[in-house]
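These numbers come from the heavy atoms of this one structure, side chains and all, not from hydrogens, waters or symmetry mates.
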Amino acid sequence: MCYYEFMQRWIMHIDMDAFYASIEQLDNPELKGKPVIVGGGDRGVVSAASYEARRFGVRSAVPIFQARRLCPQGVFVPVRMQRYKEVSRRIMEVLSRFSPLVEQASVDEAYLDASGLDAIFGPVRELGQSVKDAVFGECSLTCSVGLAPVKFLAKIASDMDKPDGLTVLEPQDLPALLAALPVSRIPGVGHKTLELLKNTGVHTCGDVRRYPKEFWQRRLGKAGESLYDRAGGVDPRPVVPFEPPKSESAENTFEVDTLDREVLERWLLRQSERVGASLRRQGLAGRTVTLKAKYADFTQVTRARTLDQPFNGTRLIYETAVALLRELNPKRKLRLIGVGVSHFGGGKEARQLSLFSESEQQDAARSGKDAALDKTLDELRERFGHRAVVRGKLFE
């Protein structure tokens with residue numbers, strides 16, 4: 001099997017340019033042209049950096065304190081995940097106009113199966129430009145698009161001409177490209193594998209293919225088979241339109257380590273609102289609530305509770321998280337706390353049962369009120385923004 005078997009197949013990878021930072025510049029025109037760095041507090045890490053900030057060496061996952069040293073003139077703004085997800089949903093809707101086979105890989109990237117679309121949209125390059133124009137027309141944001149016969153090469157192509165790029169890797173050009181492609185660009189090749197390859201004198205995909213597949217199987221097992229195939233441009237993975245999430249969670253790192261229960265519970269309520277709203281928007285309901293806590297020395301602990309019925313109500317998520325916090329009863333200060341919901345069931349069976357109801361009748365009444373409140377808050381925030389309405393407990 002080789003790349004020529006995929007000559008009639010076209011996969012598109014769409015990668016939004018500096019997504020979080022670009023949205024911040026879009027929402028606040030005063031930030032355009034400035035080095036924008038998205039990330040909260042001096043103890044966190046950079047979530048995104050504008051291209052102006054990247055010139056100073058600021059990248060995602062760089063500690064905030066280091067980013068301040070690298071780019072003292074940078075404009076630091078907090079993460080607004082709800083806003084980014086909102087824009088992401090609009091982008092995915094745009095992509096679905098071109099093909100029913102769209103796979104969202106993350107909040108700012110997706111794959112689209114473009115095979116056979118030339119009859120509708122013209123050659124693949126024209127299709128790629130049409131997608132870029134449609135995304136910009138809907139969101140006023142640029143994206144970089146890569147087209148190739150296979151998935152991992154489409155992703156590589158989208159990174160070749162950023163920002164606002166369009167790269168098409170034609171099948172006849174693949175042999176030369178792969179021969180010189182660094183093995184570090186192959187998905188799944190981590191630090192340890194890279195060191196092993198370097199010690200073997202392997203630096204490019206062409207070097208990998210100098211050895212038979214059996215050689216790599218003996219060295220790396222199934223990972224060796226994948227390495228050999230990718231080095232030859234083989235990647236039969238299809239575009240999968242939707243894969244249900246396994247969990248939904250939210251967490252925050254504090255500016256100052258704390259053991260204050262009131263502060264911790266206030267953060268749990270914020271996080272429960274975010275998690276609950278996301279679950280309801282997706283029509284999901286879970287049965288397990290997990291509390292995550294990290295101490296000042298970075299030791300991490302979790303506590304979980306599984307309930308009888310699936311749920312997605314904010315109150316139940318919050319009350320369960322608070323109960324788990326009391327069960328944990330931390331004696332040392334925490335630097336991070338978070339809450340998650342997993343073990344999803346059907347949204348139609350979602351319950352909002354209270355942990356502390358006195359009777360089934362009272363519980364049913366409270367459940368109805370909770371559901372109505374959640375619905376109202378969700379609708380108001382969808383129309384007027386996440387900060388439009390705040391629960392009384394969150395006022396400081």
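Connection of Leu101 to Phe121 is not established within any shared hydrophobic cluster, with ILVMFWY side chains joined at heavy-atom distances below 4.5 Å, either directly or through further cluster members. With hydrophobic clusters built from ILVMFWY side chains whose heavy atoms lie under 4.5 angstrom apart, Leu259 does not share a cluster with Ile337. In the hydrophobic cluster analysis, where Ile, Leu, Val, Met, Phe, Trp and Tyr join through side-chain heavy atoms closer than 4.5 angstrom, Val38 is grouped together with Val87. With hydrophobic clusters built from ILVMFWY side chains whose heavy atoms lie under 4.5 angstrom apart, Trp267 shares a cluster with Leu328. Using a 4.5 Å cut-off between side-chain heavy atoms of Ile, Leu, Val, Met, Phe, Trp and Tyr, with links allowed through other members, Phe19 and Val46 fall into different hydrophobic clusters.
Listed here is the closest heavy atom pair of Ser272 and Ile317: OG-CG2, 3.6 Å. Between Trp10 and Asp113, the closest heavy-atom pair is O-OD1, 3.5 Å. Nearest approach of Gly201 to His203, heavy atoms of both residues: O-CD2, 3.7 Å. Scanning all heavy atoms of the two residues, the minimum distance from Lys155 to Tyr111 falls at CD-OH, 3.5 Å. Considering every non-hydrogen atom in both Val79 and Ser47, the closest pair reads CG2-OG, 3.4 Å. Taking every heavy atom of both residues into account, Pro149 and Pro171 meet most closely at CG-CG, 4.0 Å.
Side-chain N/O atoms of Asp207 and Thr204 include a donor and acceptor closer than 3.5 Å. When only modelled atom types and interatomic distance are considered, Asp17 and Ser144 share a side-chain donor-acceptor pair under 3.5 Å. At a cut-off of 3.5 Å, with distance as the only test, no side-chain donor of Ser158 or Glu109 sits close to an acceptor on the other residue. In summary, the side chains of Glu195 and Asn199 do not present any donor paired with an acceptor at a separation below 3.5 Å, with no hydrogens or angles considered.
In this structure the side chain of Leu147 reaches within 4.5 angstrom of the side chain of Leu166, judged on heavy atoms. Counting only heavy atoms from C-beta outward, the side chains of Arg261 and Asn329 approach each other to under 4.5 Å. Within the 4.5 Å cutoff, the side chain of Gln25 has heavy atoms near those of the Ser50 side chain. The closest side-chain heavy-atom distance from Phe344 to Leu279 is below 4.5 Å. Taking 4.5 Å as the limit, some side-chain heavy atom of Leu117 sits within range of a side-chain heavy atom of Leu112. Counting heavy atoms from C-beta on, the side chains of Arg90 and Leu141 never come closer than 4.5 Å. Side-chain atoms of Val189 and Arg230, non-hydrogen and from C-beta on, never get closer than 4.5 Å to each other. Residues Met92 and Ser88 are in side-chain contact: their nearest non-hydrogen atoms beyond the backbone lie under 4.5 Å apart.
Lys213 pairs by the salt bridge (Lys or Arg N to Asp or Glu O under 4.0 Å) definition with Asp229, not counting sequence neighbours.
Relative ring orientation between Trp216 and Tyr211 is described as perpendicular, the plane-to-plane angle rising above 60° on a 0-90° scale split at 30° and 60°.
Once rounded to the nearest 0.5 Å, the distance linking OG of Ser140 with CG of Asp27 reads 10.5 Å. With values rounded to the nearest 0.5 angstrom, Phe298 atom CZ is found 3.5 Å from Arg335 atom CZ. The structure places NZ of Lys162 at 10.0 Å from OG1 of Thr167, a figure rounded to the nearest 0.5 Å. Between Lys32 atom NZ and Glu24 atom CD the span is 13.0 Å, to the nearest 0.5 Å. Rounding to the nearest 0.5 Å places CG of Leu220 at 8.5 Å from CZ of Phe215. Note that the CG atom of Leu127 and the CE atom of Met12 stand 3.5 Å from one another [nearest 0.5 Å].
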| Asp108 and Tyr20: side chain to side chain contact (heavy atoms under 4.5 Å, CB included), yes or no, with the steps? | CA-CA 9 Å; Asp108 62 347; Tyr20 296 1; 5.6 Å; no
| message | Quick one, Cys139 with Ile91, criterion side chain to side chain contact (heavy atoms under 4.5 Å, CB included). Give me CA distance, side-chain angles, the key distance, then yes/no. | response | CA-CA 7 Å; Cys139 305; Ile91 293 168; 3.7 Å; yes
| said: Let's go through Glu138 and Arg97 carefully: what are the C-alpha distance in whole Å and the side-chain angles of both, what is the deciding distance for salt bridge (Lys or Arg N to Asp or Glu O under 4.0 Å) to 0.1 Å, and is it a yes or a no? | reply: CA-CA 12 Å; Glu138 175 68 25; Arg97 300 171 195 166; 3.7 Å; yes
| task | Decide side chain to side chain contact (heavy atoms under 4.5 Å, CB included) for Leu153 and Leu178; before the verdict, give the C-alpha distance in whole Å, the side-chain angles of both, and the deciding distance to 0.1 Å. | result | CA-CA 9 Å; Leu153 288 176; Leu178 287 165; 4.1 Å; yes
| message | Run Gln129 and Arg125 through side chain to side chain contact (heavy atoms under 4.5 Å, CB included) and show every step you take. | response | CA-CA 6 Å; Gln129 188 60 53; Arg125 183 173 291 277; 5.9 Å; no
| task | Test salt bridge (Lys or Arg N to Asp or Glu O under 4.0 Å) on Glu262 and Arg266 and set out the steps. | result | CA-CA 6 Å; Glu262 185 176 342; Arg266 189 180 297 125; 3.1 Å; yes
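For the side chain to side chain contact (heavy atoms under 4.5 Å, CB included) with Val202, the qualifying choice from Leu194, Leu197, Leu196 is Leu197, the only one to do so. The only member of Lys292, Arg274, Gln271 that meets side chain to side chain donor-acceptor pair (under 3.5 Å) when paired with Glu251 is Lys292.
Because its NZ or CZ atom is both nearer than 6.0 Å to the ring centre of Tyr51 and within 45° of the ring axis, Arg54 counts as a cation-pi partner of that residue. Remark: Arg209 is positioned above the aromatic ring of Tyr228, its terminal NZ or CZ atom under 6.0 angstrom from the ring centre and at most 45 degrees off the axis.
No donor-acceptor pair under 3.5 Å is formed between the side chain of Arg9 and the backbone N or O of Ser115. Put simply, the side chain of Arg287 gets close to the backbone of Leu307: a donor and an acceptor are under 3.5 Å apart. Put simply, the side chain of Asp257 never gets that close to the backbone of Ala296: no donor and acceptor are under 3.5 Å apart.
Between Arg83 and Glu86, at least one side-chain nitrogen of the basic residue sits less than 4.0 Å from a carboxylate oxygen of the acidic one, meeting the salt-bridge criterion.
Few gaps surround CD on Gln300; more than 12 heavy atoms of other groups in view lie less than 6.0 Å from it.
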